[in-house]
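Reckoned from all heavy atoms, side chains included, excluding hydrogens, waters and symmetry mates. Quick note on labels: first sequence line is chain A, next is B, and so on, each numbered from 1.
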Amino acid sequence: MTMLVRFAPSPTGYLHIGNARVALWNYLLARRAGGRFILRLDDTDQERSRPEFAEAIREDLGWLGIAPDVFVRQSDRLERYALAFERLKAAGHLYPAYETPEELDRKRKRQQARGQPPIYDRSALKLSADERASLEAGGRKPHWRFRLSGHTVRWDDAVRGPAHIETAALSDPVLVRADGTVLYTFASVVDDVDMAVTHVLRGEDHVANTAVQIELFAALGAGSPIFGHLNLIAAADGTEMSKRTGSLSIRSFRADGIAPMAVASVAVLTGTSEPLHAVASLEELAPLVDLAKVSRALTKFDPAEIVHLSARLIHDKPFVEVADDLAALGIAGATAEPFWYAVRGNLTRVAEAAAWWPVVAGIITPVVEEAGFLARAAELLPPEPWSQETWHAWTEAVKQASGRKGRALYMPLRLALTGRAEGPELKLLLPLIGRARALARLAAV
RNA sequence: GCGCCCUUCGUCUAGCGGUCUAGGACGUUGCCCUUUCACGGCAAAAACACGGGUUCGAGUCCCGUAGGGCGCGCCA
């Protein structure tokens with residue numbers, strides 16, 4: 001049986017790193033097993049689902065390198081849910097309830113106040129046929145609840161091992177709203193059955209849902225897929241992972257010029273026994289994913305780590321991978337490639353290359369502290385053509401002529417040539433700057 | 001309140017009763033390299049939440065305490 005996994009976000013906000021963790025684990029596991037990956041939009045909540053978020057999710061996944069094999073949206077599958085609903089109803093698994101959301105809310109508050117669990121009291125089950133009839137005659141439409149067994153549900157969790165939940169501690173879930181639309185728990189199970197999903201790998205926040213859904217799979221006469229629950233990750237600095245606006249959204253990293261694989265590396269490797277490091281591609285990340293390496297404890301990560309790993313990736317990034325980005329910054333032409341290799345080691349973000357480009361191809365303000373020394377150095381500038389050896393040859397000559405060495409020799413030259421006290425190696429920069437520019441900068445007053 | 005789960009260096013973790021004077025990674029600090037910054041190399045500091053028990057022996061098993069996470073929606 002080939003592995004079939006799914007990532008099922010609701011299009012109610014932007015993806016954050018917690019979502020990326022789940023998406024990536026599913027994708028990488030499937031890829032490793034030669035299986036398939038479904039992107040399913042859980043958009044049964046008409047109120048909150050938005051097309052722009054749906055589009056954003058696909059974009060963000062694409063940015064991370066995830067290309068789904070199958071794409072579905074629950075809003076396209078309503079007939080399937082209606083069918084399953086009739087089946088469950090006929091089999092006696094569902095019962096109509098008539099409380100309004102406000103009434104249910106009051107009940108919960110009262111239970112909480114008494115120190116009781118806010119679990120649905122099943123009073124709808126005690127309604128007589130007459131009472132139901134009069135409720136409906138009064139204009140009340142029922143919503144439908146799935147009757148839980150009250151037993152302990154057990155499963156062998158793919159990351160946590162033997163797991164169990166007391167369904168008696170859970171509310172009978174509402175599967176169908178009063179307006180006839182279905183809820184996530186139900187649609188999700190129908191989809192997983194229909195599409196023959198083999199592994200449901202999701203966050204630990206879903207464990208209670210798993211118990212409910214296992215009973216739902218059974219009620220539908222289907223076997224359960226393998227369930228696995230990944231530990232939750234949280235920003236160590238307490239940053240909220242709000243799906244809507246959080247600074248930890250995939251989009252914010254993208255806008256910040258972070259390398260996607262830095263985000264992917266942290267999202268996947270955090271909270272596992274695999275040492276966290278920058279992995280350059282999903283191909284190289286895939287062999288590293290192993291459910292046995294996932295911890296069961298809540299894990300904290302430092303968002304700054306992502307920036308750090310991103311810088312590491314950029315330091316090794318080949319020119320071809322950034323050529324387009326550089327061109328967009330106005331960095332193009334024959335000099336672009338050697339320029340990239342000269343400066344990449346000093347960058348944290350690709351966009352920072354723009355700050356160095358004028359040094360080799362534009363106008364800068366040289367910092368001149370000792371005009372006399374620079375003038376003498378200028379006279380010793382070798383004739384072109386220049387190479388990486390030129391810097392050494394030139395500075396040796398200046399050293400002889402001036403008697404200077406060390407910082408006193410190099411720093412004034414760096415300051416005049418680049419306008420800055422720190423930066424890439426001058427032996428790489430100098431040939432790109434060229435004799436004409438170098439002369440002008442050394443002579444600047 | 002109930003259900004489920006968690007607790008080893010600052011952080012992520014290894015550890016499945018003796019081999020642990022607790023190992024690795026990131027970060028930190030120092031040194032080296034580089035007479036810039038970064039990279040790289042070397043080194044150092046740094047942890048078993050607490051209390052009982054079981055055992056010849058506990059980081060490892062049991063119980064309790066404390067702390068923490070998730071869930072308990074006509075959200076997903």
Verdict with reasoning, A:Arg344 to A:Glu321, per salt bridge (Lys or Arg N to Asp or Glu O under 4.0 Å) = CA-CA 12 Å; A:Arg344 66 176 182 176; A:Glu321 287 182 27; over 6 Å; no
task = Assess whether side-chain contact (heavy atoms from CB on, under 4.5 Å) is satisfied between A:Tyr27 and A:Leu64, documenting all intermediate values.
result = CA-CA 11 Å; A:Tyr27 183 71; A:Leu64 285 168; over 6 Å; no
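The CG-P distance, from A:Leu298 to B:A49, rounds to 17 Å in whole Å. Separating the CG atom of A:Leu276 from the P atom of B:A14 is a distance of 14 Å, rounded to the nearest angstrom. Following rounding to the nearest Å, A:Asp172 (CG) and B:G71 (P) show an atom-to-atom distance of 20 Å. The distance from atom CZ of A:Phe301 to atom P of B:C12 is 11 Å, rounded to the nearest whole Å. If you take CG of A:Asp157 and P of B:G3, they are 20 Å apart, rounded to a whole angstrom.
Among the heavy atoms of the strands lying under 4.0 Å from A:Arg108 are primed sugar atoms or P, OP1, OP2 only; no base atom is included. Counting any heavy atom pair closer than 4.0 Å across all strands shown, A:Glu99 reaches a base atom. Residue-level contact check: A:Ala236 touches neither bases nor backbone, having no heavy atom under 4.0 Å from any strand. In this structure, A:Thr44 reaches the sugar-phosphate backbone alone: every heavy-atom distance under 4.0 Å involves primed, P, OP1 or OP2 atoms, never a base. At a threshold of 4.0 angstrom between heavy atoms, the contacts of A:Asp42 are confined to the sugar-phosphate backbone, with no base atom among them. Within the nucleic acid shown, A:Asn231 comes within 4.0 Å of sugar-phosphate atoms alone, with no base atom in reach, counting heavy atoms only. Base contact: A:Leu104 has a heavy atom under 4.0 Å from a base atom. Heavy atoms of A:Ser188 sit nowhere under 4.0 angstrom from any nucleic acid atom.
Taking only side-chain nitrogens and oxygens, A:Thr272 never comes nearer than 4.0 Å to OP1 or OP2 of B:C12. Dashed line: the shortest gap from a side-chain N or O of A:His164 to OP1 or OP2 of B:C5 is under 4.0 Å.
Partners of A:Glu79 under the side-chain contact (heavy atoms from CB on, under 4.5 Å) rule, at least two apart in sequence or in another chain, do not exist in this structure. In this structure, the side-chain contact (heavy atoms from CB on, under 4.5 Å) partners of A:Arg349, at least two apart in sequence or on a different chain, are A:Asp256, A:Ile258, A:Val307, A:Glu352.
With a cut-off of 3.5 Å on both pairing distances, the Watson-Crick or G-U wobble partner of B:C70 is B:G3. Base-pair partner of B:A58: not found among the strands shown (Watson-Crick or G-U wobble, both distances under 3.5 Å). Look at B:C39: it lacks any Watson-Crick or wobble partner with both distances under 3.5 angstrom. With both pairing distances under 3.5 Å, B:U11 is matched to B:A25 as a Watson-Crick or G-U wobble pair. Across every strand in view, B:G64 sits in a pair with B:C50 that passes the Watson-Crick or G-U test at under 3.5 angstrom.
Place A:Gln46 and A:Leu269 on RNA chain B by their nearest nucleotides, and A:Leu269 ends up nearer the 5' end.
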request  = List the protein contact pattern of nucleotides 36-44 of chain B with one symbol per nucleotide (5' to 3'): B for base contact, S for sugar-phosphate-only contact, - for none; contact means a heavy-atom distance under 4.0 Å.
outcome  = BBS-S----
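Comparing B:G23 with B:U55, their P atoms sit 30 Å apart, to the nearest whole Å. For B:G53 and B:C12, the P atoms lie 32 Å apart once the distance is rounded to whole Å. The same atom, P, is picked in B:C72 and in B:A25; the two are 40 Å apart, to the nearest Å.
Using a 4.5 Å heavy-atom threshold, the side chains of A:Val266 and A:Ile17 count as touching. Between A:Arg160 and A:Asn231 the shortest side-chain heavy-atom distance does not fall below 4.5 Å. Within the 4.5 Å cutoff, side-chain heavy atoms of A:Leu41 are placed close to those of A:Pro9.
A salt bridge links A:Asp192 with A:Arg40: the distance from a Lys NZ or Arg NE/NH1/NH2 to an Asp or Glu carboxylate oxygen falls below 4.0 Å.
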